[in-house]
Number of protein chains: 2
Amino acid sequence: MKVDQVDTYEIVKKHFSDYLEKKKQRKTNERFAILKEIFAMDGHFDVETLYMKMRNSNYKVSKATLYNTIELMLECKLVSKLKFNENSNIYEKSYYFKQHDHVLVLETKEILEFCDPRIEEIKRSLEIQFNIRIFDHSLTFYANTIDQIKKK
Amino acid sequence: MKVDQVDTYEIVKKHFSDYLEKKKQRKTNERFAILKEIFAMDGHFDVETLYMKMRNSNYKVSKATLYNTIELMLECKLVSKLKFNENSNIYEKSYYFKQHDHVLVLETKEILEFCDPRIEEIKRSLEIQFNIRIFDHSLTFYANTIDQIKKK
DNA sequence: TTCATTGCAAAGCGTTTGCACGTTC
DNA sequence: GAACGTGCAAACGCTTTGCAATGAA
């Protein structure tokens, strides 16, 4: 099922709204404007880009508010934070995507996504081996295109 | 074979020395003092801790030099950078350890290490699927101890 | 002698904080 | 009308940079 952007926004808006209510947080225009902007972007984004986009939109917000709001979205899983390198945090909207991992292609700066069941198997082995309960993971592969290899 | 610290230092010193020569970089006392300090520490370290240790040692260096030197060690694989969270970069000496991944245990702040051949299998699958050449990866699991689960 | 490397302090950069003002409940 | 949320600018913490002095080759 392909869901267009308007529908997507309405659904995540309800999700966010419910979360705010549950946490007794206020439903401000800023928060919904940010949510809308994030879900209108495709793929991944960083705070600076989001900030610029909102400057140019009809609803300007400060960076403080952006960070505060993204924090709320992280809590309710509408957004997830990717830790590719320590100088630039990248986020992605996450509501409609099942859990996945990433491949960074260096030359093209592409972020490929994949989902491999063997991760889950490794997780189970580790839980038994160390007697722990794993609740999250982060896996990123770094790659070159074949073309790049040939050039070298 | 168990290698004691002195031997370890002599071997990595040669490795580092060779690398500096190859890259036409100077062999300064600071660089070797930092190498010695890192390989005398066990496990992982952050820049601040290393800086403090060196302050109290008989060879004081500036942070600028520390960062510069660590950069060189990253290049020649004597040290690797762990990206657990964006506020605190953690490094580990890496010459004698084969490639491995990490499990962070939240309550105890333990860093467990493991090595699982299934990662290599996933890597090969991705290379074929996306027609790319993967040269590195980063995998971290986040866990709680079973005790912690029970307390909740 | 030459010029890479160093130490120091200042600058950068992304993120957080403090406070007065504005808005939701 | 009582907080909570916001914008702004200043503070933060880690890392990098600029520059004069040092020292490896």
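These values consider heavy atoms only, across backbone and side chains, with no hydrogens, waters or symmetry-generated copies.
If you take NZ of Lys60(A) and P of dC8(D), they are 11 Å apart, rounded to a whole angstrom. In this entry the distance linking NZ of Lys81(A) with P of dG14(C) reads 14 Å, nearest Å. Distance Asn29(A) CG to dG7(D) P: 11 Å, rounded to the nearest Å. Protein atom CZ of Phe16(B) is 11 Å distant from nucleotide atom P of dT5(C), rounded to whole Å. Between Lys23(A) atom NZ and dG5(D) atom P the separation is 10 Å, expressed in whole Å. Residue Leu66(A) contributes atom CG, which lies 12 Å from atom C1' of dG7(D) at whole-angstrom precision. Between the P atom of dT23(C) and the CD atom of Gln25(A) lies a distance of 19 Å, rounded to the nearest Å. Protein atom OH of Tyr59(B) is 9 Å distant from nucleotide atom P of dT6(C), rounded to whole Å.
Residue contacts for Lys24(B): at a heavy-atom cut-off of 4.0 Å it reaches no nucleic acid atom on any strand shown.
Distance from the side chain of Ala64(B) is smallest to dT17(D) among dT17(D), dA25(D), dG5(D). The listed nucleotides are dT24(C), dG7(C), dG7(D); the one nearest the side chain of Arg26(A) is dT24(C). Of the candidate nucleotides dA25(D), dT6(D), dT24(C), dT6(D) has the atom nearest to the side chain of Glu30(A).
Using a 4.0 Å cut-off between charged side-chain N and carboxylate O, Lys123(B) and Glu120(B) make a salt bridge. For Glu92(A) and Lys81(A), the salt-bridge test fails: no basic side-chain N is under 4.0 Å from an acidic carboxylate O. Under the 4.0 Å criterion applied to side-chain N and carboxylate O atoms, Lys14(B) and Asp18(B) are assigned as salt-bridge partners.
For Arg31(B) and dA24(D), the shortest distance from a side-chain N or O to OP1 or OP2 is not below 4.0 Å. Note on Thr28(B): a side-chain N or O is less than 4.0 Å away from OP1 or OP2 of dT6(C). For dT6(D), the OP1/OP2 oxygens have a side-chain nitrogen or oxygen of Asn68(A) closer than 4.0 Å. A sub-4.0 Å separation between OP1 or OP2 of dG7(C) and a side-chain N or O of Thr65(B) is present.
The shortest distance between side-chain heavy atoms of Thr140(A) and Asp101(A) does not fall below 4.5 Å.
The six-membered or imidazole ring of His102(A) lies near that of His44(A), with a centre-to-centre distance under 6.0 Å.
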